[in-house]
Amino acid sequence: MEETLNDNSRQKEVKAIGLSFIKRGIAYVVLLFAAAMAIAYASGNEWIIVPAIVSALYTLAIVVAEGLLWGRVASRSVDALTTFYSAVSGFRMLLTIVVMFGYYLAFGRDGMLGFLSVLAPFYVVMLVHHSIFFGMKSKIIDKFNNVKQHS
C-alpha cells in the first residue's frame with residue numbers, strides 16, 4: 001500500500017513538473033513574440049512578423065511536446081531520462097533544420113538571414129529554458145531514484 005502511495009505521489013509530482021515546464025516555456029515564447037512585435041512596429045520593419053510567427057509556433061510545439069514526453073518518460077522510468085535528454089537535443093536540432101529548410105522553400109534565399117535572426121533568440125531561449133529547468137529538477141529525479149533503490 002505504501003509503495004502505491006509513493007508511486008501515486010511520484011506520478012503527481014512528475015505531472016506537475018511537466019506542466020510547469022510547459023507553462024514557463026509558453027510564457028517565454030509569449031514574451032519573445034511580444035518583443036519581436038514591438039521591434040517590428042517601433043522600427044517599421046513589418047517583415048519581422050512572419051518569421052516571428054513561424055518561430056513562436058515552432059518553439060511552442062517543441063516546448064509542449066517536450067514537456068508532455070518528459071512527463072511520460074519520467075513517470076515510467078527515471079533511468080531513461082538521460083537517453084531522453086540526448087534524444088530531445090538531437091530531435092530539436094533536426095526539427096530546426098527542417099523548419100529552416102521549409103522557410104527557405106517558402107520565402108527563398110533573400111528572407112533567410114532575417115528569419116535566422118528572429119529564430120535564433122527563440123531557439124536559444126528554448127535551450128536555456130530546457131537546461132536550467134531540468135537541471136534544477138534533477139534533485140527531484142535523484143529523490144525518485146533513492147526511493148526506488150530503497151524500496
CD1-NZ distance between Ile17 and Lys12, expressed to the nearest 0.5 angstrom: 14.5 Å

Point-to-point distance, once rounded to the nearest 0.5 Å, from OH of Tyr123 to CG of Leu32: 15.0 Å

Side-chain heavy atoms of Asn45 within contact of Ile39, under 4.5 Å: no

Spacing of His129 atom NE2 and Met126 atom CE [to the nearest 0.5 Å]: 10.0 Å

Check: Val88 main-chain N/O paired with Glu66 side-chain donor or acceptor under 3.5 Å: no

Backbone of Gly114 reached by a side-chain donor or acceptor of Ser117 within 3.5 Å: yes

Neighbour count >12 (heavy atoms, 6.0 Å) for atom CG, Leu94: yes

Parallel, tilted or perpendicular: rings of His130 and Tyr85 (30°, 60°): perpendicular

Side chains of Phe115 and Phe107 in contact at under 4.5 Å (non-hydrogen atoms): no

Separation of Phe122 CZ from Leu57 CG (nearest 0.5 Å): 9.5 Å

Within-4.5 Å side-chain heavy-atom neighbours: Ser20 and Phe133: yes

Atom of Gly71, atom of Val14 and distance for their closest heavy-atom approach: O-CG1, 3.4 Å

Leu31 with Val63, same ILVMFWY side-chain cluster at under 4.5 Å: no

Trp47 side chain near Val118 side chain, heavy-atom distance below 4.5 Å: yes

Approximate separation, where rounding is to 0.5 Å, of Ile48 CD1 and Ile53 CD1: 12.0 Å

Distance (rounded to the nearest 0.5 Å) between Trp70 CH2 and Leu19 CG: 10.5 Å

Path from Val50 to Leu113 over hydrophobic side-chain contacts below 4.5 Å: no

Residue pair Leu119, Tyr103: steps toward the side chain to side chain contact (heavy atoms under 4.5 Å, CB included) verdict: CA-CA 11 Å; Leu119 177 66; Tyr103 193 89; over 6 Å; no

Shortest non-hydrogen contact between Ile49 and Met37, atoms and distance: CA-CE, 3.7 Å

Main-chain N/O of Ala56 paired with Thr59 side-chain donor or acceptor, under 3.5 Å: no

